[in-house]
Amino acid sequence: MTLDLPKWFDLHTHFRQGPAVPAYVKAHLDMGCAGALAMPNTQPPVSRVSGAAQADGWSIESYSAELNAAGADAFEQLIVPLYLTRQTTAAMIREGAASGRLRACKYYPPHGTTNSEHGLPMDDLIGGEVFCAMEEHGIVLCIHGEQHALSGPDYIDAAQNAETRFYTERMPRLLAAHPKLRIVCEHITTWTAAEFVAAAPDHVGATITPQHLLYTLGHLIQGLKYHLYCLPIVKFQDDRAALRNAVTTAGQTKFFAGTDSAPHTTKATACGCAAGCFTGGCAPQLYAMAFEDAGVDLASTEGKDLFERFLCFNGPAFYGFPASKQRFRLEKAPAQTPLLETPAGPVTPLPLGMGIELSWRISE
Ligand code: DOR
Ligand code: ZN
């Protein structure tokens, strides 16, 4: 079986900075990806809209130029959100919107994940002039939805976790204070978040990663497979079922692909584990496997429609750009996870699919 598909969009990924960026971008282009939203938690962060890169931060302009020079100019779309920091002002939002450079901003919970130390608490932003300016100018708010600074026991247990806390305690307040703000709930992992997004107005959508559709905490813990460690962490069976239900509901328009592919060259460190799963080269294959695990027959018209909506159509519609007119093909065939190749040979980071056989491959 071969699926002939429009090229897809990864509306949440990480390309980082430095000499490995061309390899990361190429891995995306090689898997039929027509465009990407490249997250701003670089070192230093993308904390301004315009101007030259400075020691304390890139601008969207300078980081986009860096990515384009590394091959991202081959994408049909490249969106770089502005990292919301204490330096972000309403004037930056207004000017960024007027220049056309600013399309989205990213909320990171302070110290909640990789390179998130520049973030500020959601409570400091709700009702403030930055969110009001974003609301007024139609700028999308991309949210890493986890409550920060929880104690270990509150961070995750059977009854609640940092994400459920955020979606029950913070998100209702955010929507009430900013009813027109366009929001993408990034990499949702729980039943609670899936239900929240499904019940919210149409201008609230969500990205879902392949790992959260495929795996549960049990997969990670069994053998402590730390290449599966990302944040928010993979959750429980009911949560995975709710995510699968969200993406396989006929006619759904709110849920779309965002891999959160995050290249970490060192995962295990002396004081813990770096959060992030790298899915460059294997994301559509993993998504196809997840849809099949969810009971979707990709050979059927209905099944293919569900898959295309999630992978190729809903994201562009939400962000307001056209779906791709280019095509790529996925072929049902056992395949090994591609390793990242550079002129120096294969390099780390190890891809998520490492050690498992993929049941789909990108066909020429
Ligand atoms: O697993 C993750 N990795 N979650 C994030 O929020 C950040 C990302 C990264 O940048 O490595
Ligand atoms: Zn991310």
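Counting starts at 1 for both ligands and their atoms, following the listed order.
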Do any nitrogen or oxygen atoms of A275 lie less than 3.5 angstrom from nitrogen or oxygen atoms of ligand 1?
-> yes

Select one of side chain, backbone, both or neither to describe which atoms of M39 lie under 4.0 Å from any atom of ligand 1, heavy atoms only.
-> neither

What protein heavy atom sits nearest atom 5 (C) of ligand 1, and how far away is it?
-> T113 OG1, 2.9 Å

With side-chain contact (heavy atoms from CB on, under 4.5 Å) as the test, would you mind laying out the steps for V234 and H219 before giving the verdict?
-> CA-CA 9 Å; V234 284; H219 290 100; over 6 Å; no

Checking side-chain contact (heavy atoms from CB on, under 4.5 Å) for the pair E186/M39: CA distance, chi angles, key distance, verdict?
-> CA-CA 11 Å; E186 299 292 344; M39 281 295 171; 4.0 Å; yes

Contact region, R16 to ligand 1, non-hydrogen atoms below 4.0 Å, reads side chain

Can you find an N or O of Y108 that's nearer than 3.5 Å to an N or O of ligand 1?
-> no

Verify the distance criterion only: is there a donor paired with an acceptor across the side chains of K235 and T189 at less than 3.5 Å?
-> yes

Hey, mind stepping through D260 and C277 against side-chain contact (heavy atoms from CB on, under 4.5 Å) and telling me if it holds?
-> CA-CA 7 Å; D260 202 12; C277 300; over 6 Å; no

May I ask you to test the V247-L306 pair for a side-chain heavy-atom distance under 4.5 Å?
-> no

Close side-chain approach of T114 and L231, heavy atoms under 4.5 Å | no

At a 4.0 Å threshold, what atoms of ligand 1 neighbour a non-hydrogen atom of G276?
-> 1 (O), 2 (C), 3 (N)

Measure the shortest side-chain to side-chain distance between R103 and Q77 over non-hydrogen atoms and say whether it is less than 4.5 angstrom.
-> yes

Heavy-atom side-chain proximity of P45 to Y108 below 4.5 angstrom = no

For residues 66-73, which side-chain N or O atoms pair as donor and acceptor with protein atoms under 3.5 Å away, sequence neighbours left out?
unit_1 : atom_1 : unit_2 : atom_2 : d
N68    : OD1    : D73    : N      : 3.3
N68    : ND2    : S64    : O      : 3.3

Please tell me if the side chains of L5 and F307 come closer than 4.5 Å, counting only heavy atoms from C-beta onward.
-> yes

Hey, any chance W8 and F313 share a hydrophobic cluster, counting ILVMFWY side chains that come within less than 4.5 Å of each other, even indirectly?
-> no

Counting heavy atoms only, which part of N115 comes closer than 4.0 Å to ligand 1: side chain, backbone, both or neither?
-> neither

Looking only at distances, please establish whether an N/O atom of ligand 1 is found under 3.5 Å from an N/O atom of A262.
-> no

Mind checking whether C230 contacts ligand 1 via backbone (N, CA, C, O), side chain (CB onward), both or neither, at a 4.0 Å heavy-atom cut-off?
-> both

Take Y319 and F9 through the test ring-ring contact (aromatic ring centres under 6.0 Å, His included) and record every step on the way to the result.
-> CA-CA 11 Å; Y319 274 93; F9 291 89; 10.0 Å; no

May I ask you to decide whether D56 forms a salt bridge with R48, counting only side-chain N to carboxylate O separations under 4.0 Å?
-> yes

Considering only non-hydrogen protein atoms, determine which one is nearest to atom 4 (N) of ligand 1 and report residue, atom name and distance to 0.1 Å.
-> L231 O, 2.8 Å

Looking only at N/O atoms, are Y229 and ligand 1 under 3.5 Å apart anywhere?
-> no

Which residue and heavy atom of the protein sit nearest atom 8 (C) of ligand 1, plus the separation | H14 NE2, 3.7 Å

Which ligand 1 atoms, with their elements, are less than 4.0 angstrom from a heavy-atom of H264?
-> 9 (C), 11 (O)

Could you name all protein N, O or S atoms found under 2.8 Å from the Zn ion (ligand 2)?
-> H12 NE2, H14 NE2, D260 OD1

H144 heavy atoms, cut-off 4.0 Å: which ligand 1 atoms fall inside?
-> 6 (O)

